[in-house]
Amino acid sequence: MRQFNVVVLGAGGVGKSALTGESTSLSHHHCLPSSPVRFVRDVFVENYDPTIEEQYHRPMMVDGELSSLEVLDTAGAEQFTSLNEVYIKSGRGFILVFSLTQEVSLKEVESLRKQIFRIKGSESVPIVVVGTKSDLVSEREVPTTTIESLANRWNLPFYETSAKRNWHINDVFEDLLRQMRLR
Ligand code: GTP
Ligand code: MG
């Protein structure tokens, strides 16, 4: 079975752990056999507990082929962003996360995208961009038109997700896995 390292990057509090991770009540740094919070474990945690670093393992069947994803959920907090270079070197594919309720979090995605291309020395890197918290309709700051124009300009797939409602979470990982298999 092919194994792929995935790194989840984005500003603090945008919902990286809710998208990928483990319930914060469980111990850190352990592996789970199956299901992130949404992608591995299929639950949603309302409390905000900033991440330091957590890694999850998940087998995934896409297009009839079983692969293994090693997903690294990183810290968005400013004091940890010096680690990003190390994370980017270790990753085969990247999930760049911003919150639809926080326009400024898109700037971080823009800067991460540039860092990845610089560190990898190529623009042919598997990347999916994710706008989270689509359920918070009345708090939304990033309109679909902004997303469409960025998707065109960057030529990257964008997904609008809600970890709370479990909307389009699996689409993100499937898209990334297909890209990683091709490159
Ligand atoms: P750091 O680990 O500090 O970088 O933050 P993070 O990006 O991992 O954010 P986290 O997943 O911890 O989520 C932050 C807060 O947003 C938590 O209170 C979550 O419950 C909430 N949240 C995350 N995703 C969603 C979502 O899709 N909808 C709603 N309504 N809230 C969300
Ligand atoms: Mg987190």
Side-chain angles (χ1 to χ4, degrees), residues 5-32 35-58 69-88 90-91 93-116 127-144 146-147 150 156-176:
N5 288 327
V6 173
V7 183
V8 183
L9 295 164
V14 294
K16 297 179 296 299
S17 297
L19 179 81
T20 57
E22 180 58 46
S23 161
T24 49
S25 61
L26 297 176
S27 61
H28 294 207
H29 296 291
H30 72 185
C31 291
L32 283 170
S35 144
V37 171
R38 272 308 180 187
F39 180 64
V40 170
R41 227 171 64 95
D42 204 21
V43 296
F44 176 72
V45 177
E46 201 78 46
N47 294 339
Y48 175 33
D49 178 13
T51 307
I52 297 174
E53 176 189 298
E54 296 188 54
Q55 187 155 18
Y56 305 101
H57 164 78
R58 190 186 155 177
L69 296 192
E70 294 293 331
V71 183
L72 185 70
D73 176 21
T74 69
E78 203 89 45
Q79 63 266 39
F80 297 112
T81 50
S82 56
L83 291 169
N84 282 353
E85 178 144 356
V86 175
Y87 292 145
I88 291 169
S90 78
F94 300 88
I95 300 177
L96 303 186
V97 185
F98 68 99
S99 170
L100 294 166
T101 66
Q102 207 189 355
E103 177 127 45
V104 70
S105 64
L106 253 181
K107 296 267 182 261
E108 183 66 22
V109 166
E110 173 146 37
S111 126
L112 286 163
R113 173 183 156 272
K114 288 184 187 145
Q115 262 188 74
I116 290 169
I127 295 177
V128 174
V129 184
V130 175
T132 59
K133 312 191 189 185
S134 62
D135 58 288
L136 298 177
V137 174
S138 63
E139 292 171 43
R140 184 164 173 145
E141 288 184 3
V142 183
T144 305
T146 302
I147 289 174
L150 274 181
L156 289 176
F158 274 62
Y159 289 88
E160 297 187 14
T161 65
S162 167
K164 187 164 187 169
R165 306 267 178 245
N166 201 6
W167 291 338
H168 302 296
I169 309 283
N170 261 299
D171 299 345
V172 170
F173 290 89
E174 283 183 19
D175 187 316
L176 189 65

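Numbering of ligands and ligand atoms starts at 1, following listing order.
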*Using the salt bridge (charged side-chain N to carboxylate O under 4.0 Å, His left out) rule, collect all pairs that involve residues 157-166, keeping only residues at least two apart or in two chains.*
Glu46-Lys164, Arg140-Glu160

Do any N or O atoms from the side chain of [X] and from the backbone of [Y] form a donor-acceptor pair under 3.5 angstrom?
X: Thr74; Y: Glu53; value: no
X: Glu139; Y: Thr101; value: no
X: Ser105; Y: Ser99; value: yes
X: Lys16; Y: Gly10; value: yes
X: Tyr48; Y: Gly13; value: yes
X: Ser134; Y: Thr161; value: yes

_I want to verify a count. Protein N, O or S atoms less than 2.8 Å away from the Mg ion (ligand 2), how many are there?_
2

*Taking any residue with a non-hydrogen atom under 4.0 angstrom from an atom of ligand 1, which ones do you get?*
Ala11, Gly12, Gly13, Val14, Gly15, Lys16, Ser17, Ala18, Phe44, Val45, Glu46, Asn47, Tyr48, Pro50, Thr51, Ala75, Gly76, Lys133, Asp135, Leu136, Ser162, Ala163, Lys164

*In chain order, what residues pass the side-chain contact (heavy atoms from CB on, under 4.5 Å) check against Ala163, with sequence neighbours excluded?*
Ala18, Arg38, Phe44, Ile169

*asked:* Under 3.5 Å, is there a donor on one side chain and an acceptor on the other for Asn5 and Ser90?
replied: no

